[in-house]
Amino acid sequence: MISVENALQLVLKATQDFGVEKIPFIKSVGRILKEEIVADRDFPPFNRVAMDGIAIDYYEFSSRLRSNRQLSFKIEGIQAAGSEQITLKNNQNCIEVMTGAVLPNNANTVIRYEDVIIENGVATINIDKINEDQNVHHKGKDGKVGDVLIAENMKISAAEVGVLATVGKSFVKVAKQPKIMIISTGDELVGVDEIPLEHQIRRSNVFTLVSLLERLNISSETAHITDDKPILKSKIKNYLQDYDVLLFSGAVSKGKFDFLPEVFDELGVEKLFHKVAQRPGKPFWFGQTENCKLFAFPGNPISTFVNCLAYFYPWYYKSVNLKVEQETAILAENVTFKPDLVYFLQVKLSCKNGNLIATPIQGNGSGDLASLVHADAFIQLPSHKSEFKSGEVYPIIRFK
Ligand SMILES: Nc1nc2c(c(=O)[nH]1)N[C@H]1C(S)=C(S)[C@@H](COP(=O)(O)OP(=O)(O)OC[C@H]3O[C@@H](n4cnc5c(N)ncnc54)[C@H](O)[C@@H]3O)O[C@H]1N2
Ligand code: MOO
Ligand SMILES: [Mg+2]
């Protein structure tokens with residue numbers, strides 16, 4: 001049995017680069033960007049009018065103000081958003097301008113409609129304090145052509161999609177996702193649409209795994225194999241050829257029908273470890289072939305769940321070069337856990353005075369999948385310690 005730290009290290013050593021693909025930008029949310037996004041022009045690309053109103057020459061305004069002359073400007077024309085730039089021909093005059101329009105040539109200041117009175121084609125300014133350049137969003141103020149707007153390896157969100165659209169990136173390079181097969185095992189398991197007999201249950205782990213992968217925008221395929229060693233062997237042999245990653249749930253412990261470790265051995269899969277000093281999820285088996293990684297999670301539902309979060313997620317993040325901050329939270333209650341194992345305890349998160357608080361959720365062990373409904377993270381309590389006090393801070397792994 002190895003420690004959680006060593007297990008994680010071995011998993012992270014086995015990361016793999018799956019290459020890059022180009023996809024439509026609108027399908028890219030959640031994917032990891034594999035190119036720098038550079039401004040194709042200045043941001044904004046022209047001196048942009050920022051308020052509906054009139055544009056004037058500030059120097060004319062201030063000289064009239066100094067000599068107490070009328071602040072009335074004849075309207076020479078209208079500059080709408082989307083129209084080519086026009087020119088203020090006479091600096092005694094003004095041009096009506098709309099938000100988003102190009103600032104007219106020879107004008108440098110915009111005064112809001114709220115601060116002028118327009119009568120008979122003449123706009124009279126009824127404030128005397130204005131600043132040169134006011135209400136003008138200057139060309140290049142937010143970014144210059146060639147500036148890096150989004151760095152490589154960022155996770156794309158709605159914010160990045162807006163930038164991609166603005167710079168005309170209709171296709172974008174992202175990390176290719178691994179091709180994954182999820183396999184459940186067990187004679188006691190029936191389909192979701194079936195009525196289980198007394199001694200049977202519906203399978204759930206494949207679907208939690210599919211859903212945990214969907215959070216990473218990874219689509220996957222699923223299969224179920226009964227506890228029949230020759231069938232397991234022949235099916236897994238094929239999957240090893242066709243997939244980058246195989247995720248298993250069940251059949252890795254000590255039972256008479258827990259065939260997976262033997263099957264992997266007979267198929268020449270290199271075992272990197274079996275059994276980790278943790279609860280739940282202790283009988284976790286991890287190994288690899290030249291082209292495939294195998295995460296064989298213990299069958300108890302919470303064991304499968306927590307191991308996917310604690311090992312597969314970091315493996316994926318490292319494979320695609322995504323930096324993810326380790327979050328921590330404050331334990332809300334005293335917890336006693338005697339075994340010398342890392343304890344992944346399900347918790348409900350809340351916020352108090354700006355601090356993240358983790359309240360333990362009572363469950364009935366790793367088979368009690370319904371208890372996860374009330375939790376939104378696991379808090380990771382270290383081994384070599386059995387009393388954990390309210391107020392102490394520990395790492396958490398969120399799943400909601
Ligand atoms: N003698 C020992 N027995 C067990 C040990 C041990 O160390 N010594 N470890 C226990 C621990 S911890 C776990 S976790 C389980 C792991 O068992 P397996 O990985 O071999 O899984 P199974 O035996 O196939 O099933 C265990 C349990 O999980 C349910 N299960 C399995 N797959 C699914 C699924 N897809 N959806 C829903 N539920 C599933 C299955 O029905 C069993 O109840 O072993 C302990 N035993
Ligand atoms: O991993 Mo087992 O789930 O400790 O029960
Ligand atoms: Mg078993």
Side-chain angles (χ1 to χ4, degrees), residues 1-4 7-8 180-213 220-229 231-232 235-236 246-265 271 273-287 294-312 337-346 361-373 375 378-381 383 397 399:
M1 189 157 72
I2 66 167
S3 67
V4 168
L8 186 59
I180 300 187
M181 172 61 96
I182 299 172
I183 303 134
S184 63
T185 58
D187 289 353
E188 74 281 26
L189 303 171
V190 301
V192 177
D193 294 326
E194 291 174 55
I195 307 289
L197 300 173
E198 193 75 42
H199 53 279
Q200 296 175 324
I201 58 167
R202 293 193 184 92
R203 23 180 189 277
S204 61
N205 290 351
V206 272
F207 305 108
T208 52
L209 288 173
V210 166
S211 309
L212 286 171
L213 296 195
S220 52
E221 292 168 62
T222 64
H224 180 74
I225 314 178
T226 51
D227 293 320
D228 179 310
K229 196 172 160 190
I231 298 180
L232 279 166
K235 291 216 167 161
I236 294 169
L246 304 182
L247 300 183
F248 294 88
S249 95
V252 289
S253 190
K254 292 223 181 293
K256 282 267 149 40
F257 309 99
D258 291 338
F259 294 126
L260 282 185
E262 292 163 46
V263 166
F264 296 151
D265 186 48
K271 178 177 96 174
F273 59 81
H274 185 193
K275 297 196 183 99
V276 188
Q278 65 177 74
R279 184 177 294 165
K282 187 168 97 179
F284 175 31
W285 190 104
F286 179 68
L294 293 85
F295 295 75
F297 302 133
N300 273 329
I302 300 189
S303 307
T304 290
F305 201 102
V306 82
N307 277 328
C308 181
L309 291 167
Y311 298 100
F312 177 78
F337 182 73
K338 292 266 160 57
D340 190 13
L341 300 169
V342 167
Y343 185 25
F344 289 99
L345 170 62
Q346 59 255 45
I361 297 294
Q362 287 304 324
N364 295 311
S366 58
D368 182 8
L369 79 165
S371 66
L372 284 186
V373 172
F378 289 94
I379 194 161
Q380 186 175 338
L381 304 178
S383 48
I397 314 176
F399 55 87

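Both ligands and their constituent atoms are indexed starting at 1 by order of listing.
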Atom CE of Met181 and atom OG1 of Thr222: how far apart are they, to the nearest 0.5 Å? 7.0 Å
Gly299 versus ligand 1: do any nitrogen or oxygen atoms come within less than 3.5 Å of each other? yes
Find the distance between CG (Leu381) and CG (Leu341) and round it off to the nearest 0.5 Å. 12.0 Å
Proximity to ligand 1 by part of Ser184, non-hydrogen separation under 4.0 Å: side chain
Taking distance alone, with no angle check, do Glu188 and ligand 1 share an N/O pair under 3.5 Å? yes
Would you compute the distance between atom CG of Asp228 and atom CZ of Phe257 and round it to the nearest 0.5 angstrom? 11.0 Å
Nearest to atom 3 (N) of ligand 1, what protein heavy atom do you find, and at what distance? Ser253 OG, 3.9 Å
Logged contact type for Asp258 with ligand 1, heavy-atom cut-off 4.0 Å, is side chain
So is there a nitrogen or oxygen of Lys282 less than 3.5 Å from a nitrogen or oxygen in ligand 1? no
Protein heavy-atom partner closest to atom 2 (Mo) of ligand 2 - residue, atom, separation in Å: Ser303 OG, 3.4 Å
Side chain to side chain, Phe344 and Ile397, heavy atoms closer than 4.5 Å: yes
Check each heavy atom of Leu189 against ligand 1 and say whether those closer than 4.0 Å belong to the side chain, the backbone, both or neither. side chain
So which heavy atom in the protein is nearest atom 11 (C) of ligand 1, and how far is it from that ligand atom? Pro283 CG, 3.8 Å
Which of the atoms in ligand 2, numbered in the order shown and given with their element, are less than 4.0 Å from a heavy-atom of Lys282? 1 (O)
At what distance, to the nearest 0.5 angstrom, does CH2 of Trp285 lie from CG of Asp258? 14.0 Å
Check ligand 2 against Pro283 and write out every atom of the ligand that is under 4.0 Å from a heavy-atom position of the residue. 1 (O)
Atom 5 (O) of ligand 2: closest protein heavy atom, distance to 0.1 Å, is Ser366 OG, 2.5 Å
Should you measure from each heavy atom of Asn300, which atoms of ligand 2 turn up under 4.0 Å away? 3 (O), 5 (O)
Is any side-chain heavy atom of Phe207 less than 4.5 Å from a side-chain heavy atom of Ile182? no
Non-hydrogen atom of Gly186 closer than 4.0 Å to ligand 1: no
Compute the shortest N/O to N/O distance between Arg203 and ligand 1 and return yes if it is under 3.5 Å, no if not. no
Does the side chain of Val252 come within less than 4.5 Å of His274's, by heavy atoms? yes
Are the side chains of Asn307 and Gln278 in touch, meaning some heavy atoms are under 4.5 Å apart? yes
Do any nitrogen or oxygen atoms of Arg279 come within less than 3.5 Å of a nitrogen or oxygen of ligand 2? no
What protein heavy atom sits nearest atom 1 (N) of ligand 1, and how far away is it? Lys254 CB, 3.9 Å
Mind telling me whether Phe305 and Phe399 have parallel, tilted or perpendicular rings, with 30° and 60° as the class edges? perpendicular
List the steps and the verdict of ring pair (Phe, Tyr, Trp, His ring centres under 6.0 Å) for Tyr311 and Phe284. CA-CA 10 Å; Tyr311 298 100; Phe284 175 31; 4.9 Å; yes
Tell me whether Ala251 has any N or O atom under 3.5 angstrom from an N or O of ligand 1. yes
Among Gly255, Gly367, Ser249, Ser303, closest by heavy atom to atom 14 (S) of ligand 1 is Ser303
Do Phe286 and Val276 have side chains that get closer than 4.5 Å, going by heavy atoms? no
Could you measure the distance from the NZ atom of Lys235 to the OG1 atom of Thr185? Nearest 0.5 Å is fine. 12.5 Å
Do any nitrogen or oxygen atoms of Val252 lie less than 3.5 angstrom from nitrogen or oxygen atoms of ligand 1? yes
Tell me the protein heavy atom at minimum distance from atom 37 (C) of ligand 1, and give that distance in Å. Ser204 OG, 3.3 Å
Mark up the atoms of ligand 1 that fall under 4.0 Å of a heavy atom belonging to Pro298, in ascending order. 14 (S), 16 (C), 19 (O)
To which protein heavy atom is atom 1 (O) of ligand 2 closest, and what is the distance rounded to 0.1 Å? Gly281 N, 2.3 Å
Would you indicate whether the side-chain heavy atoms of Lys271 and Asp265 approach each other to under 4.5 Å? no
Should Asn300 be counted as touching ligand 1, given the test is an N or O pair under 3.5 Å? yes
Evaluate side-chain contact (heavy atoms from CB on, under 4.5 Å) for Ile236 paired with Phe248, printing each intermediate quantity in order. CA-CA 10 Å; Ile236 294 169; Phe248 294 88; 3.7 Å; yes
Side chain, backbone, both or neither: which applies to Ile201 and ligand 1 if a contact is any heavy-atom pair less than 4.0 Å apart? side chain
Of the protein's non-hydrogen atoms, which lies at the shortest distance from atom 33 (C) of ligand 1, and what is that distance? Asn205 ND2, 3.1 Å
Donor-acceptor contact below 3.5 Å, side chain Asn205 vs main chain Ser184: no
